[in-house]
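All remarks here apply to the structure that follows.
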Amino acid sequence: MMRIIFLLSLLFALSNASVQDFCVANLKRAETPAGYQCIRPMHVKASDFVFSGLGTPGNTTNIISAAVTPGFVGQFPALNGLGLSTARLDLAPKGVIPMHTHPGASEVLFVLDGSITAGFVSSANAVYLQTLKPGQVMVFPQGLLHFQINQGKTPAAAFVTFSSANPGLQILDFALFANNLPTDLVVGTTFLDAATVKKLKGVLGGTG
């Protein structure tokens with residue numbers, strides 16, 4: 001008898017369950033660990049699913065001669081709950097996206113213009129390096145150190161997509177030299193000399 005009651009209650013619950021096709025973020029409300037609250041479907045428009053922010057090149061006049069223009073949920077609310085995000089990379093000649101990781105996502109890079117030399121290092125310290133031309137795509141597995149650099153003589157641009165709405169980011173140079181970790185500890189753990197460490201801390205804003 002209890003088994004029948006359980007089955008009937010399960011069927012009733014399933015018959016009343018609803019599955020949302022989408023959950024456009026309500027950015028006026030606070031973000032939670034599960035994401036943003038949804039805008040009511042009656043207020044959602046077709047334009048909510050279109051993002052134009054990646055059509056304009058970023059400003060590459062900076063220390064790395066490169067720019068990253070994000071298309072995350074904060075800029076593109078329709079991505080809320082979909083488990084993906086996007087961005088645009090612009091690299092002037094000699095521009096570089098330094099060695100970094102995305103702890104929460106794999107990355108796919110699609111080259112639009114110019115050429116980009118990109119690579120990643122596996123957990124076995126094997127290096128996978130390729131110079132990409134327009135139309136070519138490269139994937140960077142989740143959590144692995146990787147980089148992109150423009151070794152050409154003309155500007156380069158690419159779109160990237162991530163397998164998470166929050167891929168996370170840790171840039172290796174900033175992790176080592178843009179904080180207050182004491183210089184002697186950086187020297188001891190990297191085998192660099194103190195003068196080099198202090199110089200890099202000065203450039204990247206670190207102390208200690």
Side-chain angles (χ1 to χ4, degrees), residues 2 5-60 62 64 66-91 97-112 118 120 123 137-148 157-175 178-180 204-205:
M2 291 299 296
I5 293 174
F6 172 76
L7 290 174
L8 288 174
S9 64
L10 180 61
L11 288 172
F12 178 78
L14 291 174
S15 67
N16 285 276
S18 62
V19 177
Q20 292 180 300
D21 294 324
F22 49 80
C23 177
V24 177
N26 183 351
L27 298 180
K28 295 180 180 179
R29 305 294 294 272
E31 186 178 12
T32 72
Y36 288 93
Q37 294 185 30
C38 311
I39 294 175
R40 291 185 179 182
M42 68 181 70
H43 299 308
V44 175
K45 307 177 296 296
S47 59
D48 290 323
F49 299 96
V50 179
F51 179 61
S52 303
L54 304 187
T56 303
N59 184 359
T60 59
N62 51 58
I64 61 173
V68 178
T69 305
F72 299 160
V73 66
Q75 298 81 33
F76 192 5
L79 295 178
N80 190 44
L82 298 183
L84 52 87
S85 53
T86 186
R88 173 181 176 134
L89 307 183
D90 289 284
L91 297 93
I97 307 298
M99 193 76 75
H100 64 283
T101 68
H102 301 293
S106 295
E107 174 184 342
V108 175
L109 179 143
F110 173 80
V111 178
L112 295 171
F120 66 89
S123 57
V137 173
M138 187 170 183
V139 64
F140 306 94
Q142 180 174 337
L144 297 185
L145 283 166
H146 61 286
F147 68 92
Q148 294 93 21
F159 286 149
V160 296
T161 56
F162 301 100
S163 61
S164 170
N166 184 20
L169 172 66
Q170 186 172 45
I171 299 174
L172 182 60
D173 293 343
F174 285 84
N179 53 42
N180 62 354
L204 298 175

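What you are looking at is a predicted structure, and each value in this text was computed from that prediction instead of being measured. In this chain, residues are counted from 1 in sequence order.
Note: Tyr36 OH to Asn26 CG = 10.0 Å, rounded to the nearest 0.5 Å. Distance CD1/Ile171 to OG1/Thr101: 9.5 Å, rounded to 0.5 Å. Here the CD-CG distance, from Gln75 to Leu27, works out to 9.0 Å after rounding to the nearest 0.5 Å. The CG atom of Leu79 lies 11.5 Å from the CG atom of Asp48; values are rounded to the nearest 0.5 Å.
Using a 4.5 Å heavy-atom threshold, the side chains of Phe162 and Thr86 count as separate. In this structure, Val137 and Phe110 have side chains that are in contact, with non-hydrogen atoms separated by less than 4.5 Å. Side chains of Arg88 and Pro57 form a contact here, defined as non-hydrogen atoms less than 4.5 Å apart. The shortest distance between side-chain heavy atoms of Leu109 and Phe140 falls below 4.5 Å. When side chains are defined from C-beta on, Gln148 counts as touching His100, because their heavy atoms get closer than 4.5 Å. Between Phe120 and Leu145, every side-chain heavy-atom pair lies at or beyond the 4.5 Å cut-off. No side-chain heavy atom of Val24 sits less than 4.5 Å from a side-chain heavy atom of Cys38.
Panel note: side chain Asn80, backbone Cys23; a donor-acceptor pair is recorded below 3.5 Å. In this structure, the side chain of His102 engages the main chain of Gly168 through a donor-acceptor pair within 3.5 Å. Between the side chain of Asp90 and the main chain of Gly58, a donor-acceptor pair closer than 3.5 Å is present. With Ser106 contributing its side chain and Ser163 its backbone, the two residues share no donor-acceptor pair below 3.5 Å.
The aromatic rings of Phe22 and Phe49 sit perpendicular to each other, their planes meeting at more than 60°, with 30° as the lower class boundary. Ring geometry for Phe51 versus Phe76: interplanar angle under 30°, hence parallel rather than tilted (30 to 60°).
Looking at Val160, Leu89, Leu169 one by one, the single match for side-chain contact (heavy atoms from CB on, under 4.5 Å) with Val68 turns out to be Leu89.
Across every non-hydrogen atom of Pro167 and Ser85, the tightest pair is CD-OG, 3.8 Å. The two residues Ala66 and Leu91 make their nearest non-hydrogen contact at CB-CG, 4.1 Å. Minimum heavy-atom separation, Pro98 to Ile64: CG-CG2, 4.1 Å. Nearest heavy atoms, Thr60 versus Ala67: CG2-N, 4.0 Å.
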Phe174/Leu204 under side-chain contact (heavy atoms from CB on, under 4.5 Å): CA gap, chis, key distance, verdict:
CA-CA 7 Å; Phe174 285 84; Leu204 298 175; 4.0 Å; yes

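Inspection of the His146 and Glu107 side chains reveals an N or O donor paired with an N or O acceptor under 3.5 Å.
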